[in-house]
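Down below is the structure, laid out as structure tokens.
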Amino acid sequence: MIELAPDQLPPLARWFAAGAPGPAALAEHVPASGTGSWWADRAHAPRALAVACAGQVLLRGDPSALAPDALAVFDAHYVQAPTCFLPALRSAFDRIVPWERMLYVHQLPVAAPCPPRGVTVRRLVPGDAPALAALAPDAAWLHASWGGPAGLAASGLGWAAFQEDEVLAVACTYFRGSAYEDIACHTDPAHRRRRLALACVTALCQDIAGRGHTPSWTCSRDNRPSRLLAWVAGFRLVHEYVHYLTGQPARCGAVPGSPAAHPAAAVRPGDTKASPGGTPRWRGRDSVR
């Protein structure tokens with residue numbers, strides 16, 4: 001596939017539904033935030049179109065229009081696509097790993113828990129970028145959809161629990177759509193089980209509702225702690241789906257110019273990351289305890 005410039009994009013309404021919850025909001029988030037990229041089988045009158053951001057991909061269109069290795073640009077990504085794309089995905093990669101996902105929508109207001117003594121929960125501001133950057137490297141996925149710590153801090157769409165200048169937990173809009181905002185949260189392992197994630201998520205949900213939008217939440221079927229936090233925070237299950245973690249291109253090596261060939265794609269948002277032995281392990285947007 002070839003990368004499209006913003007002025008080359010076809011009308012998106014026929015490709016991606018507007019105002020959809022969960023990862024579908026990615027297609028609205030990319031043009032609004034300026035992060036991510038668009039790909040097609042050809043620039044003029046494309047037959048297959050993909051949008052990628054922060055290691056996730058939405059794929060739509062006609063898979064018969066793709067060459068056997070056309071999707072190799074999305075190695076080490078989480079791909080959501082209609083089942084008709086599975087043969088194309090299998091031919092492009094040495095393996096694809098299906099993961100069952102659960103999509104929740106916020107339906108019940110929840111009272112915010114009182115933070116512990118010395119901890120303040122507040123909205124992120126541009127000056128908080130250094131504190132976000134100081135989080136452990138495995139938390140870098142949290143701001144990937146905003147292009148980095150500065151982008152998330154300046155977005156005005158994140159809430160964090162602070163102890164002095166240290167970030168203990170964060171909840172933020174990950175993909176912002178026209179009706180739904182799909183959220184993510186992370187708690188420093190040393191400060192888990194203090195209800196900090198719940199405090200941040202509750203504040204964020206109130207903020208999103210104030211914008212006239214609805215929060216959504218996605219996690220793996222097997223991640224019981226994330227599912228429990230979603231339930232306690234007032235989210236309810238509305239849909240289940242599958243996305244696919246891609247392996248290496250079938251012809252081996254990251255494809256030059258692909259999203260995975262850039263340092264920003266080193267950490268993926270999602271539940272899993274392929275370990276050296278090929279067995280996925282928990283990671284990313286479900287890292288909320």
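Position 1 is the first residue of the sequence, and the numbers go up from there.
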- request: Compare all side-chain heavy atoms of Phe74 with those of Leu89 and state whether any distance is below 4.5 angstrom.
  value: no
Pair Ser216-Asp182, side-chain donor/acceptor within less than 3.5 Å: yes
Non-hydrogen side-chain atoms of Leu49 and Leu4 separated by less than 4.5 Å: yes
- prompt: Is there a side-chain contact between Trp38 and Met1 (heavy atoms, below 4.5 Å)?
  reply: no
- request: Measure up the Trp217 and Phe235 rings against each other and bin them: parallel (under 30°), tilted (30 to 60°), perpendicular (over 60°).
  value: tilted
query: Are Phe93 and Tyr244 side-chain neighbours, meaning at least one heavy-atom pair lies under 4.5 Å?
result: no
task: Output yes when Asp41 and Arg47 qualify as a salt bridge under the 4.0 Å nitrogen-oxygen rule, no when they do not.
output: yes
message: Just by distance, no angles: are the side chains of Ser64 and Asp62 close enough, under 3.5 Å, to form a donor-acceptor pair?
response: yes
query: Quick one: does Val110's side chain get under 4.5 Å of Val232's, heavy atoms only?
result: no
field: Shortest non-hydrogen contact between Trp141 and Tyr174, atoms and distance
entry: O-OH, 2.7 Å
- prompt: Do the side chains of Pro21 and Leu103 get nearer than 4.5 Å, heavy atoms only?
  reply: yes
task: Indicate yes or no: at least one non-hydrogen side-chain atom of Val167 is less than 4.5 angstrom from one of Asp188.
output: no
query: For Glu164, does the CD atom sit with more than 12 other heavy atoms under 6.0 Å from it, leaving out its own atoms?
result: no
message: Could you check whether any side-chain heavy atom of Ile208 comes within less than 4.5 Å of a side-chain heavy atom of Ile183, counting everything from C-beta outward?
response: yes
